[in-house]
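Here is the structure we will look at, set down as structure tokens.
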Protein chains: 2
Amino acid sequence: MEKYIEILEKCPLFEGVKREDLLRMLSCLGARVASFDKRYTIFAEGRPLRAIGIVLSGSVQVERVDIYGNRSILTKVHPTELFGEAFACAGVEAMPVSIVASEPCEIMLINCDHILHTCSNNCGFHQQLIYNLMKDLARKTLQIHQKLEVTSKKTTRDKLMEYLMIMAKKNGSNSFDIPYDRQELADYLEVDRSGLSAEISKLRQEGVLESRKKRFVLL
Amino acid sequence: MEKYIEILEKCPLFEGVKREDLLRMLSCLGARVASFDKRYTIFAEGRPLRAIGIVLSGSVQVERVDIYGNRSILTKVHPTELFGEAFACAGVEAMPVSIVASEPCEIMLINCDHILHTCSNNCGFHQQLIYNLMKDLARKTLQIHQKLEVTSKKTTRDKLMEYLMIMAKKNGSNSFDIPYDRQELADYLEVDRSGLSAEISKLRQEGVLESRKKRFVLL
DNA sequence: GAAAGTATGTTGAATTTTCAACAAAATGGA
DNA sequence: TCCATTTTGTTGAAAATTCAACATACTTTC
């Protein structure tokens, strides 16, 4: 576990936890680490989820595929970030989404009960973890609202521009990389990929932006 | 405050709190009650929110209106339910949504800091409240996912049917009332109202459903 | 109970999206 | 380097949505 300390220190779940307490804490929580190949479905829609995941390396996507095969991407989760908190905490019997490895990745899994309920050793840090978890759930809600703000726009162009503006603001620059390739971006924006490509070309011609793969520059 | 005890007992924030402790708790939390007329904007988008709201009577809607005047409804909040938890807990400086009275309503407001931080009286119930708040945030996340599942469908028909199926399941019956009128339903589904009316008519002709105002029957 | 106001339904034209098929460019291995 | 694969861009036709305008039904208020 030692090799993950650097990442875990930056994880919102462990905010305010001292470095020297982390290892002991992890063993008390029954934390375990697993690796997954690209495209592997780590947790499948429709099944219960008891554990919270922390991305240690690589990345995962929270997504759903409907009966027609249309994929909808909710978010991409990067190292130090959590996923599945809401489903694990709420004790849902059927996850509404799947968790899929978007790159080869290492994931730390912690059973949610171990966080929520005081352990037999009566460690004092559970309250801190619950507080952190709550803060994280609040932040996640904001994140979803951001996606809703994007997808609630009517046209492909408006959705794309709203998304790019948010990304520019987040990066503090008009020039930035997005985490999605074209198909993924289309699935995040809930639009057709070819239509999205066409729209990007148009915006380029109009001089609104420059783009090359995942790099965008707003003009 | 006594007259609200019945409602507050059922509020998820006070789950596990004894009836006789409630009143004392409320005064410690600095709870206050306010009334609003229909259509009044209780909290406006873009402003900070420090307080959590509990609907005591009537109802409010969480919504956003973009620069073109398109309204997007996120959810309707009914008596005993909370709103604004995520924004207050995360300490956001600019709310991404507005809270609007959809009927004349009475709202209890509790400053979020009073819940999150132990008070000078050192009451023992803060931990319980934080735990309840966390559970509620988790449930709210699921609720938003449900909306995302609905709006991620491509056509008006699919969005509507997905929504009605969810409502039927929630009510445990093929015959149920929805909380929205046509315009509100269109704004929740993120579609055009007249197109929605047309689609409902078509479904009626096809014998898929019956409907009259807010009442629907799936056949 | 009539009038005014609000909500819902209907229609057709303009706009936009989706879909399928293919071309071009980039990537990753052998 | 070359080949196979994946990703991205392009296009046109079909389908769906939006928009505006109006008809009808229902509510509310005086």
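Just so you know, these numbers come straight off a predicted model, no measurement behind them. Atom set for the values below is all heavy atoms of this structure, side chains included, hydrogens, waters and symmetry mates excluded.
Applying the ring pair (Phe, Tyr, Trp, His ring centres under 6.0 Å) rule to pairs touching residues 134-176 of chain B yields A/F87-B/H145, B/Y163-B/Y188, sequence neighbours excluded.
For DNA chain D, the outermost nucleotides in 5' to 3' order that have an atom under 4.0 Å from a heavy atom of chain B are D/dA16 to D/dC26.
We find that CZ of A/R182 is positioned 12 Å from P of C/dT27, with the value rounded to whole Å. We find that NZ of B/K159 is positioned 11 Å from C1' of C/dT17, with the value rounded to whole Å. Computed from coordinates, the B/R215 CZ to C/dT8 P distance equals 16 Å when rounded to whole Å. Summarising the geometry, the separation between CD on B/E190 and P on C/dT17 is reported as 15 Å, rounded to the nearest angstrom.
Side-chain atoms of A/E81 come within 3.5 Å of backbone N or O of A/H78 as a donor-acceptor pair. Put simply, the side chain of A/T155 gets close to the backbone of A/D158: a donor and an acceptor are under 3.5 Å apart. Remark: the backbone N or O of B/G69 is paired with a side-chain donor or acceptor of B/D66 at under 3.5 angstrom. B/K135 places no side-chain N or O within donor-acceptor distance of the main-chain N or O of B/P12, the cut-off being under 3.5 Å.
Using a cutoff of 4.0 Å between basic side-chain nitrogens and carboxylate oxygens, A/E184 and A/K76 are scored as salt-bridged. The existence of a salt bridge linking A/R32 and A/E106 is excluded, since no basic side-chain nitrogen approaches an acidic carboxylate oxygen closer than 4.0 Å. A salt bridge does not link B/E190 with A/K153: every distance from a Lys NZ or Arg NE/NH1/NH2 to an Asp or Glu carboxylate oxygen is 4.0 Å or more. Taking a cutoff of 4.0 Å between a charged side-chain nitrogen and a carboxylate oxygen, B/R50 and B/E93 qualify as a salt bridge. Electrostatic pairing of A/E206 and A/R157 counts as a salt bridge here, judged by a charged N lying under 4.0 Å from a carboxylate O.
At a non-hydrogen distance threshold of 4.0 Å, B/T155, B/T156 from residues 149-158 of chain B come into contact with DNA chain D.
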Shorter than 3.5 Å, N or O on both sides, protein versus nucleotides 22-26 of chain C: list them out with atom names.
unit_1	atom_1	unit_2	atom_2	d
C/dA26	O3'	A/K213	NZ	3.3

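In this view, A/E45 satisfies the side chain to side chain donor-acceptor pair (under 3.5 Å) rule with no residue, not counting sequence neighbours.
Within 4.0 Å of A/D181, counting heavy atoms only, lie sugar-phosphate atoms of the nucleic acid but no base atom.
Nearest-nucleotide positions on DNA chain D for A/Q183 and B/E199 put A/Q183 closer to the 5' end.
The environment of NZ in B/K169 is sparse: at most 12 heavy-atom neighbours from other residues, nucleotides or ligands sit within 6.0 Å.
At a cut-off of 3.5 Å, with distance as the only test, no side-chain donor of A/S173 or A/N171 sits close to an acceptor on the other residue.
Relative to the axis of its first five pairs, the axis of the last five pairs of the helix from C/dG1-D/dC30 to C/dA30-D/dT1 sits at 50°, rounded to 10 degrees.
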